[in-house]
Amino acid sequence: MIVTMINNSRKPKSFTLERSVVDYIARTRAGRSASERVNELLKRAIAHEEEERLATEAQAFFREAPHEECEESRAFQTATRRTLARDED
């Protein structure tokens with residue numbers, strides 16, 4: 001029996017890309033479709049932007065914290081980043 005699954009999480013869209021971006025996608029897609037490669041790159045960019053936003057929020061939150069708490073927070077943040085990096089691979 002063959003079951004066809006439809007991926008409802010994808011929605012066809014059209015965007016205008018710079019030539020250099022299209023060339024980069026073509027060079028780095030490694031056997032995948034251009035659409036899959038674009039999705040991968042966009043997910044990475046979103047994650048990076050989210051990390052920057054969270055870092056800015058954390059910086060503002062811990063700006064007023066006592067020195068000891070800052071050290072503990074930095075250690076926790078470092079461990080969290082390592083965990084997130086490991087989970088992405």
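Keep in mind the model is a prediction, meaning the values are calculated, not measured.
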Would you please name every residue forming a salt bridge (Lys or Arg N to Asp or Glu O under 4.0 Å) with R29, sequence neighbours left out? none

What residues, two or more places apart in sequence or in another chain, satisfy salt bridge (Lys or Arg N to Asp or Glu O under 4.0 Å) together with E51? none

Neighbour count above 12 (heavy atom, 6.0 Å) for [X] [atom1]:
{"X": "E18", "atom1": "CD", "result": "no"}
{"X": "E49", "atom1": "CD", "result": "no"}
{"X": "R19", "atom1": "CZ", "result": "no"}

Between K43 and E40, is a salt bridge (charged side-chain N to carboxylate O under 4.0 Å, His left out) present by the stated rule, with each step listed? CA-CA 5 Å; K43 287 176 186 177; E40 177 188 355; over 6 Å; no

Do you reckon L54 sits in the same ILVMFWY cluster as F61, going by side-chain contacts under 4.5 Å, direct or chained? no

Cluster link L41 to I46, ILVMFWY, side chain under 4.5 Å: no

Donor-acceptor contacts, no H, no angles, side chain residues 76-83, under 3.5 Å, sequence neighbours left out:
{"residue": "T78", "atom": "OG1", "partner": "R74", "partner atom": "O", "Å": "2.9"}
{"residue": "T80", "atom": "OG1", "partner": "F76", "partner atom": "O", "Å": "2.8"}
{"residue": "T83", "atom": "OG1", "partner": "A79", "partner atom": "O", "Å": "3.0"}

Any side-chain heavy-atom pair from F15 and V38 closer than 4.5 angstrom? no

Separation between CD1 of I25 and CZ of R27, rounded to the nearest 0.5 Å: 10.0 Å

